[in-house]
Amino acid sequence: MKKKSLIGIITGVVLVPVVVGAILLNFKHVGVEDNSAKRELAEVNSQTTFSIDDEAIALAASSDTDMGLRNIALSALDAVNDERNANGLSSLKWDGNLEAASSVRAAECEISFSHTRPNGKPWYTVNSRVQGGENLAYGFDTASAAVNAWMDSPTHRENILWPEFTRCSIAIYAANDGTYYWAQEFGY
């Protein structure tokens, strides 16, 4: 009996760390940027000097060719619109200007996962004429996973269900390590 207990203990001491290590290696980190990123319509309209980062937009447009990721982003917008409709709100329309801004922001999130851009400027300075709100996420492989994470976060849910937003675009940037970075941009 003592021999079997000793073998069980030794097996547990060796096997448990191996199993836990294997689980951790396969665990994919995911997350959302929890700070609020929204500008009121009055703030957007009262802005006298606009920021448009033409260079970043041109770079994002030249490298944004993955139609599979764009289709996932379009599916995410469908899921967002399902949430809005379930809450008595109208659907958001896909917007090309916001798509360009979201492509820039998704790529920037690999460098700095924040509502502050890698150059230190606020998130909306990609195109301050159109960006009214922003949701960020990383590590989610499906539209439903990203949208569910946003809906589970009060600040992201507020942006998705903000009744004044009428337009939206979502971009997904695939980093070299396979991590997806998501940027959802909202407009009035």
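Predicted model only: the values in this text are computed from it and were never measured. Just so you know, residue 1 is the first one in the sequence shown, and it goes up from there. Computation of the quantities below employed the complete heavy-atom set of this structure, encompassing side-chain atoms and omitting hydrogens, waters and symmetry-equivalent molecules.
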Worksheet entry | Hphob cluster co-occupancy, L77 + F140, side-chain heavy atoms under 4.5 angstrom | yes
Worksheet entry | Working for side chain to side chain contact (heavy atoms under 4.5 Å, CB included), residues L69 and Y180 | CA-CA 9 Å; L69 292 179; Y180 286 175; 3.5 Å; yes
Response to the item:
Heavy-atom nearest pair, W150 first then A137, reads NE1-CB, 3.6 Å
Worksheet item: Linking I/L/V/M/F/W/Y whenever any side-chain heavy atoms sit under 4.5 Å apart, do I172 and V147 land together?
Response: yes
Discussion item. So if I apply the side-chain contact (heavy atoms from CB on, under 4.5 Å) rule between F186 and each of S169, C168, S102, which one comes out positive?
Written reply: C168
Response to the item:
Minimal heavy-atom distance between N81 and L92, with the atoms involved, is OD1-N, 2.6 Å
Worksheet item: ring pair (Phe, Tyr, Trp, His ring centres under 6.0 Å) between F165 and Y188: does it pass, once the steps are laid out?
Response: CA-CA 5 Å; F165 287 145; Y188 293 99; 4.9 Å; yes
Discussion item. Under a 3.5 Å threshold, yes or no: a donor from one side chain and an acceptor from the other, between E99 and W94?
Written reply: yes
Worksheet item: With sequence neighbours left out, which residue pairs that include part of residues 145-174 fulfil the salt bridge (charged side-chain N to carboxylate O under 4.0 Å, His left out) condition?
Response: K38-E158, D95-R167
Practice prompt. With sequence neighbours left out, write down each residue that passes side chain to side chain contact (heavy atoms under 4.5 Å, CB included) with S75, or none if nothing qualifies.
Written response: A143
Practice prompt. Give a yes or no on whether the backbone of P122 and the side-chain of T125 come within a donor-acceptor separation of less than 3.5 Å.
Written response: yes
Worksheet entry | Any side-chain heavy-atom pair of Q184 and I160 under 4.5 Å | yes
Fill in: Flag side-chain contact, heavy atom, 4.5 Å: E185 against N97
no
Worksheet item: Which heavy atom in I170 sits nearest to a heavy atom in A76, and how many Å separate them?
Response: CD1-CB, 3.7 Å
Worksheet entry | Close side-chain approach of R84 to S90, heavy-atom, < 4.5 Å | yes
Discussion item. Between R117 (side chain only) and Y124 (backbone N and O only), is there a donor and an acceptor less than 3.5 Å apart?
Written reply: no
Item to complete: Would you give the length of the straight line joining atom CG of N148 to atom NE2 of H156, rounded to the nearest 0.5 angstrom?
Response: 13.5 Å
Discussion item. Using side chain to side chain contact (heavy atoms under 4.5 Å, CB included), reason through L136 and H115 one step at a time and then give a plain yes or no.
Written reply: CA-CA 8 Å; L136 303 176; H115 292 303; 3.7 Å; yes
Practice prompt. Find the distance between CD1 (I72) and CH2 (W182) and round it off to the nearest 0.5 Å.
Written response: 6.0 Å
Item to complete: Heavy atoms only: give me the nearest A171-A106 pair and the separation to one decimal.
Response: O-CB, 3.7 Å
Worksheet entry | Interatomic spacing from OG in S112 to CG in N119 - rounded to 0.5 Å | 9.5 Å
Discussion item. I'd like to know if the side chain of N159 and the backbone of A37 have a donor-acceptor N/O pair within less than 3.5 Å.
Written reply: yes
Discussion item. Students often mix this up, so state it plainly: with edges at 30° and 60°, are the rings of Y181 and F113 parallel, tilted or perpendicular?
Written reply: tilted
Worksheet entry | Reported CG-to-OG distance for the pair L98 and S103, which is rounded to 0.5 angstrom | 10.5 Å
Discussion item. Please determine whether residues L89 and L41 belong to a single hydrophobic cluster, defined as Ile, Leu, Val, Met, Phe, Trp and Tyr linked transitively by side-chain heavy-atom distances below 4.5 Å.
Written reply: yes
Worksheet item: Counting only N and O atoms by type, is there a donor-acceptor contact under 3.5 Å from the side chain of R105 to the main-chain atoms of V126?
Response: no
